[in-house]
> 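Supplied in structure tokens, the structure appears directly below.
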Amino acid sequence: MPMTPLEELRHSCSHVLATAVLRLFPEAKLDIGPPTETGFYYDIDIDRKLTTEDLARIEAEMKKVIDENQPFLRKEVSREEAAEIIRKIGQERYKLGRLADIPAGEAISFYQNGEFIDLCAGTHVRYTSKIKAYKLLSIAGAYHRGDEHNKQLQRIYGTAFATREELAQHLERLEQAKQRDHRKLGKDLKLFVIDDDVGQGLILWTPAGSIIRQELQNFISEELRKQGYSQVFTPHIGKLELYKTSGHFPYYKESQFSPVIENESLARILKEGCSCGEMMARLEAVSGRLAEQVNQRTGKTTIGPERVKPDAQLLDGFLLKPMNCPHHIKIFSSQPRSYRDLPVRLAEFGTVYRWEQSGELNGMTRVRGFTQDDAHLFCTEEQVGPEMIGCLALVKVILTTLGMTDYRVRVGLRDPDSAKYTGDPENWDKAEAACREAAKTLGVPFTEEPGEAAFYGPKIDFVVRDVIGREWQLGTVQVDYNLPARFDLSYIGADNQPHRPVMIHRAPFGSMERFCGVLIEHFGGDFPAWLAPEQARLVPISDKVNAYAEELLALAKAAGVRVTLDSHSDKLGAKIRRAELEKVPYTLVLGGKEAETRSVSVRSRSRGDEGAMPFDAFLERLTAEAKTRALPAKR
RNA sequence: GCCGGCGUAGCUCAAUGGCAGAGCACCUGUUUUGUAAACAGGUGGUUGCAGGUUCGAUUCCCGUCGCCGGCUCCA
């Protein structure tokens, strides 16, 4: 694929970067330096730690390279010549491997600018002087070939644009992004906190944030009722046995909190003096009975003999649930089901816990405990298609209501070359076809991506692009033929024979935490009235009208409005400013005039001063706005 | 988990190998205000935590915890 002019510019800039680095640090070994969506980087292996001061030096050296106006010259060579050049310039360490990656028959080329020559498919701008606006941004560690078993190189990130104005705009956008970062706004607006004493990645929802979450949950619950879902509640833990049956433990052991071992089991193994290794082995082992059952239901050796131990050695314990499905499955299987009962749709705001690596945690968007707006649908083969469509429609309604219209849909299919998938290929074909058909009904562009499926079935993900261009995987709908077999689920069909239901997992928001995080940034804290923790603020201009203000406060509260009264002795301007900074949608100014006419002067955060109106009329307007879940008017 | 950077008042940020400071917020008083900051005073700190070097460490060193930017990962 040919590079766009901007990619070409950035790629050239990364060569200039490498040129400068080699001038300053001739011993540096280079790996690769491609353009990215917003800039470029170059991965460099060098013994000294690069610092931000080094960045400034490198940037200064880059300016010289650019001022030298070096032409970029392309040279096509044979594989042998290429290896020879790489050896000559002392860059064997990574470049020989990169050379080996080039498939036979493809052209092998070098690009040279000044003294610097690099194995590179191109393309480049003609002269280094074409690079007019660039900036080095940061240094980061990056594993060679993205594999954590390889050496970690130092990656220098930078960006470049065609003009200085565009570069300045880009840097300005980065600054704006920082201003609407949910971690900053979450602190400023007191939406959530994370406390070390509670734990990393564990969100404490403060009163204000809880209102937003509760409103979202109310919203989604309303939609679920319309669509025939049943609400359920299940506990935060489940026995290890349950997750051994489902296959989550120990298969995903690395990303789970350690199990809680029952006191009796713990006492027994302490008495036996078991090592930690032996303890883990016993925890992960299953009974012969379970192995036999699961293997029979799934029709293959899902649980190998090495994991089977005598019953007397097994340890009992509980797992903080990493998923809600096993609990919902147990509700489904708690009574006989007829085909007439299907589909059974069980929904829960279910909190799950996963052991994310510490370096991965990020505000509300990557956490260790989170609440999925989860549901599991148990249906017949024939119902998979229509149910999928229903799920997708739900996600669409939600995103539209919130004004999140910039999203794409990804149909995750199995990777034909991988053996990690469970279930028989026939079912996979059917499920993939159902996903594809359902996606078509959305009227939104979608991509099919092999390798993106879950191990138990294909899925449809909604990838939302936020205001500053980042993509977030939020809503997801997944088809599952695996768990119904592992749990031996059945329903009685019209033929009076047992049949295996199909499960659909779906979560329109994904998790409340991530979704709220993205939503905070989406609105930049300016929530629509229905979500705003504080919907209106009464601002008396002097304490002469405090009594009137108190009266309105009581009336508004009685009408269900989230309202406060600012009775500080500040001047009006200061109160307005405070309300603006706290992003309250409506500020109601009260003075003598208003008190006489039982009115309020309305200042809308999105539209400014709107003049006076009767208080009752305002209440009606706000209530309607919240009820219809209207989006804030554009400024 | 890995690489790098950073941890000073509730927030934003100063400062120094020698008594830790400002603005905002908060409290008190004065002011009674008409659409983005009235005035004055006051409270607030084991400088993330734990060691070491030193007469003396917030500053230098080691460890640890956390945060930030990446990498890896995300059923």
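So that the names make sense, note that chain A is the first sequence line, chain B the second, and so on, each numbered from 1. These values consider heavy atoms only, across backbone and side chains, with no hydrogens, waters or symmetry-generated copies.
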> When you measure only distances, ignoring hydrogens and angles, does the side chain of S569(A) come within 3.5 Å of the base of U32(B) through a donor and an acceptor?
no
> Under 4.0 Å between any heavy atoms, over every strand shown, what does D188(A) touch: base, sugar-phosphate, or nothing? Just pick one.
nothing
> Nearest to the side chain of H568(A) - A75(B), C26(B), C74(B)?
C26(B)
> For C24(B), what is the paired nucleotide under Watson-Crick or G-U wobble rules, both distances under 3.5 Å?
G10(B)
> Using a 4.0 Å heavy-atom cut-off, does D196(A) contact any base of the nucleic acid, only the sugar-phosphate backbone, or nothing at all?
sugar-phosphate
> With both distances under 3.5 angstrom, what nucleotide forms a Watson-Crick or G-U wobble pair with G56(B)?
none
> Looking at G70(B), does its base get a donor-acceptor pair with the side chain of Q154(A) below 3.5 Å?
no
> From the options A75(B), U12(B), G34(B), select the nucleotide whose nearest atom is closest to the side chain of S255(A).
A75(B)
> 5'-most contact on RNA chain B: E148(A) or Q256(A), nearest heavy atom basis?
E148(A)
> With a distance cut-off below 6.0 Å to the six-membered ring centre and an angular limit of 45° from the axis, does R598(A) pair with F615(A) as a cation-pi contact?
no
> How many Å lie between CZ on R603(A) and P on U35(B), as a whole number?
10 Å
> Ring centres of Y456(A) and H505(A) under 6.0 Å apart?
yes
> If you take atom types as modelled and just measure distance, does the side chain of E356(A) reach the base of C74(B) with a donor-acceptor pair under 3.5 Å?
no
> When we call it a touch if two heavy atoms are under 4.0 Å apart, what does Y157(A) touch: a base, just sugar-phosphate, or nothing?
sugar-phosphate
> Mind checking G199(A) for me? I need base, sugar-phosphate or nothing, with any heavy atom below 4.0 Å counting as a touch.
nothing
> Tell me which nucleotide among G69(B), A37(B), A75(B) gets nearest to the side chain of R183(A).
G69(B)
> For E610(A), which contact category applies under a 4.0 Å heavy-atom criterion: base, sugar-phosphate, or nothing?
nothing
> Is it the case that G1(B) (base atoms only) and Y143(A) (side chain only) share a donor and an acceptor within less than 3.5 Å, ignoring hydrogens and angles?
yes
> Does R183(A) pair with D181(A) as a salt bridge, N-O distance under 4.0 Å?
yes
> So does E580(A) pair up with R603(A), basic N to acidic O under 4.0 Å?
yes
> Check every strand shown and say whether G591(A) touches a base, only sugar-phosphate, or nothing at a heavy-atom separation below 4.0 Å.
base
> Using atom C1' of each nucleotide, how far apart are G52(B) and U58(B) to the nearest Å?
16 Å
> Scan K575(A) against the nucleic acid and name what it touches under 4.0 Å (heavy atoms): base, sugar-phosphate only, or nothing.
nothing
> Tell me whether the side-chain N or O atoms of R366(A) pair up with the base of C73(B) as donor and acceptor below 3.5 Å, since no angle test is needed here.
yes
> Rounded to the nearest Å, what distance is computed from the CD1 atom of residue I541(A) to the C1' atom of nucleotide A37(B)?
18 Å
> Please name the nucleotide paired to A15(B) by Watson-Crick or G-U wobble geometry with both distances under 3.5 Å, or report none.
none
> Ignoring the backbone of A574(A), work out which of A38(B), A36(B), G69(B) is nearest its side chain.
A38(B)
> T51(A) near the nucleic acid: base, sugar-phosphate alone, or nothing, with a heavy-atom cut-off under 4.0 Å?
nothing
> Let me spell it out: for each of K544(A) and Y252(A), pick the nucleotide of RNA chain B with the closest heavy atom. Which residue's pick is nearer the 5' end?
K544(A)
> Give G359(A) one of three labels, base, sugar-phosphate or nothing, depending on what nucleic acid heavy atoms sit under 4.0 Å from its own.
base
> Contact class for Y251(A) vs. all strands (heavy atom < 4.0 Å): base, sugar-phosphate, or nothing?
nothing
> Would you mind telling me which of G34(B), A75(B), A36(B) lies closest to the side-chain atoms of K593(A)?
G34(B)
> Pick one: which of D31(A), N150(A), D43(A), D45(A) meets side-chain hydrogen bond (donor to acceptor under 3.5 Å, both in side chains) with H144(A)?
D31(A)
> In terms of side-chain geometry, is the basic nitrogen of R410(A) or E448(A) positioned less than 4.0 Å from the acidic oxygen of its partner?
no
> What does A142(A) touch in the nucleic acid at a heavy-atom separation under 4.0 angstrom: a base, only the sugar-phosphate, or nothing?
sugar-phosphate
